[in-house]
Amino acid sequence: MAIEELTPQERDSWLRALPKWSLARDGRAIERSFEFADFAEAFAFMTRIAIIAEKRDHHPEWSNVYNKVEIALTTHDAGGLSLRDVNMAKKIDKIV
């Protein structure tokens, strides 16, 4: 079954429900920055997300420099944002 990209209206509605996330890549992704006490805490956070992502088969694009983690979510199979990204963002928000 094909994964459908969110319509602009759906995207805007979901983004209001995810106030710490912002649109990126011309509205085809959402992103959020995180800052932790140190590298170990940032890496532990990434490990927790990696386990969730693997179970959901939906992997974030991310980077880590010392205590900072940058995450972008998009669904390549949909050509942009999908409910998979929204649900992943919600899970990530619960971890923090």
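Here the structure is a predicted model, which is why all the values come from computation and not from measurement.
- In this structure, G79 and R28 approach most closely via the heavy-atom pair O-NH1, 2.9 Å.
- Considering every non-hydrogen atom in both D85 and G80, the closest pair reads OD2-O, 3.7 Å.
- Taken from CD1 in I3 to NE2 in H76, the straight-line distance is 11.0 Å, to the nearest 0.5 Å.
- Across F36 and E41, no two heavy atoms sit closer than the pair CD2-OE2, 3.3 Å.
- For the residue pair E70/S33, the side-chain donor-acceptor check at 3.5 Å is satisfied.
- Grouping the Ile, Leu, Val, Met, Phe, Trp and Tyr side chains by contacts below 4.5 angstrom, directly or via other members, places L18 with I95.
- Atom OG of S22 and atom CG of L15 lie 7.5 Å apart (nearest 0.5 Å).
- By the 4.5 Å heavy-atom criterion applied to side chains, T75 and E5 are not counted as neighbours.
- Under 3.5 Å, the side chains of H58 and N87 contain no donor-acceptor pair of N or O atoms.
- Side-chain atoms of W21 and D93 form a donor-acceptor pair, as typed in the model, at a separation below 3.5 Å.
- One hydrophobic cluster, built from ILVMFWY side chains closer than 4.5 Å, holds both L23 and V86.
- Within a 6.0 Å radius of CZ in R56, other residues, nucleotides and ligands contribute more than 12 heavy atoms.
- Expressed to the nearest 0.5 Å, how far CD1 of I92 lies from CD1 of I49 amounts to 4.5 Å.
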Stepwise side-chain contact (heavy atoms from CB on, under 4.5 Å) test for E35 and Y66: CA-CA 9 Å; E35 189 168 335; Y66 182 57; over 6 Å; no
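- Using cut-offs of 30° and 60° on the angle between ring planes, the pair F34 and F45 is tilted.
- No path of Ile, Leu, Val, Met, Phe, Trp and Tyr side chains, each step under 4.5 Å between heavy atoms, connects F43 with I52, placing them in separate hydrophobic clusters.
- The two residues A37 and N67 make their nearest non-hydrogen contact at C-CB, 4.3 Å.
- Here the closest heavy-atom approach between residue A72 and residue R25 is recorded as CB-NH2, 3.6 Å.
- I30 contributes atom CD1, which lies 10.5 Å from atom CZ of R32 (distance to the nearest 0.5 angstrom).
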Trace of the side-chain contact (heavy atoms from CB on, under 4.5 Å) decision for E61 with I71: CA-CA 6 Å; E61 297 174 15; I71 298 178; over 6 Å; no
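- Around the CG atom of D38, the shell of radius 6.0 Å holds more than 12 heavy atoms that belong to other residues, nucleotides or ligands.
- When every heavy atom of P60 is checked against every heavy atom of M88, the shortest pair comes out as CD-CE, 4.5 Å.
- No continuous path of hydrophobic side-chain contacts links V96 to V65 [ILVMFWY only; heavy atoms under 4.5 Å].
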Evaluation steps, side-chain contact (heavy atoms from CB on, under 4.5 Å), between R84 and D57: CA-CA 10 Å; R84 295 180 84 186; D57 192 29; 4.1 Å; yes
